[in-house]
Amino acid sequence: MAERILVVGPKDCLAMVDDLAPKGFEIVKALHNSPEQKAALPGAHYFVGFVQQYVSEQLYKDAPHLKLVQMLSAGYDKADLKAARKSKVPLCNNGGANSVAVSEHALLLMLAVSRRLITQHSNVTAGRWHGNSPPTVHEVRNKVLGIIGLGTIGKKVARLALAFGMQVHYYDIARLKEEEEDTLGVRFRLLPEILRGSDILSLHVPLNDSTHHMIGAPELAVMKKSAIIVNTSRGPVIDEKALTEALSAGRLFGAGLDVFDEEPTPPDNPLLKLDNVVLTAHLAGPTFESNITRLRNGFDNVQRVARGEAALWVVPELT
Ligand SMILES: O=CC(=O)O
């Protein structure tokens, strides 16, 4: 009998499954917590979930025959890693499937904040024409971009930034060899140097105990007054209160944020009132293209495990 792949996700995402699903398996598509999911879990061999929060103790209880749990997210900070470890079923992330989307979004935020895009747009739509005003915005060429976290996304951000003529410095606990730095065109700096020296700081680390609030009031205090912060990683990597204070006091030029301490961010969050920010709703990753890549990687991994090979992209905490 064919093995079962259960794919769980929002309706629009499930619509793409039929085009990409591998032959030779029974494919079941279900919305999260739906009766279809409940009925399919006991006989499922592979669980492919668009959202990392689906990885819970209950999942492993309801699906005792799993050989792989494949998340289609990059992050796994909200997945139940304790339950995953206990189950001994490999738990994998999406293998960098979002990296093009997120790196493009990071560049978009850098440019939008540097050029005060939202203010300029609002001025035009409100009939305020400031064409001849003295400049209030920055170029990015020749600026120092500090990347914290030079993984798959961080490297793509570096390549895009280099194409814009930025100088790229990075800090990561895993440092590249000098030849690799030469090939990519980046230079390692210690964290205090990155903070002091960057014109634009872009965060690309996973959220864990060592990255929680890694950018707080003391770190913000040493940054240039003209600096921009871009966060497309996880909200709690920055102390949002300290950032809001720094932005309100004009101690930074601006911030581009796709992620927040609490999501959805509450409507009374004072960050929402600032005019030196560009904010998006944790949507750097999902694009038409990345959704296809996510499923492609997920189904490829399922077939790998079905052939008896080791899964790719097992989350590092479980290896
Ligand atoms: O935030 C998005 C992801 O983890 O894929």
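Computed from heavy atoms alone, side chains included, the values below leave out hydrogens, waters and symmetry copies. Bear in mind that the values here come from a model prediction, so they are computed numbers and not experimental data. Each ligand, and each atom within it, is numbered from 1 in the order the structure gives. Along the sequence shown, residues carry numbers from 1.
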Side chain [X], main chain [Y], donor-acceptor under 3.5 Å:
X: Asn297; Y: Asn94; value: yes
X: Lys143; Y: Glu139; value: yes
X: Thr211; Y: Pro206; value: yes

Report every pair formed by an N or O atom of ligand 1 and a protein N or O atom separated by less than 3.5 Å, giving atom names and the distance to 0.1 Å.
| from | atom 1 | to | atom 2 | distance (Å) |
| --- | --- | --- | --- | --- |
| ligand 1 | 1 (O) | Arg234 | NH1 | 2.9 |
| ligand 1 | 1 (O) | Arg234 | NH2 | 3.4 |
| ligand 1 | 1 (O) | His282 | NE2 | 2.7 |
| ligand 1 | 4 (O) | Ala74 | N | 3.2 |
| ligand 1 | 4 (O) | Gly75 | N | 2.6 |
| ligand 1 | 4 (O) | Arg234 | NH2 | 2.8 |
| ligand 1 | 5 (O) | Ala74 | N | 2.7 |
| ligand 1 | 5 (O) | Asn98 | ND2 | 2.8 |

Given the side-chain rings of His138 and Phe253, with only the six-membered ring counted for Trp, is the space between their centroids under 6.0 Å?
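Yes - the distance between ring centres of His138 and Phe253 falls below the 6.0 Å cut-off.
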Between Phe188 and His169, is the ring centroid distance below 6.0 Å?
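They do not qualify: ring centres at least 6.0 Å apart.
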Distance-only donor-acceptor check, side chains Ser122 and Thr119, under 3.5 Å:
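Note: Ser122 and Thr119 side chains miss the donor-acceptor criterion.
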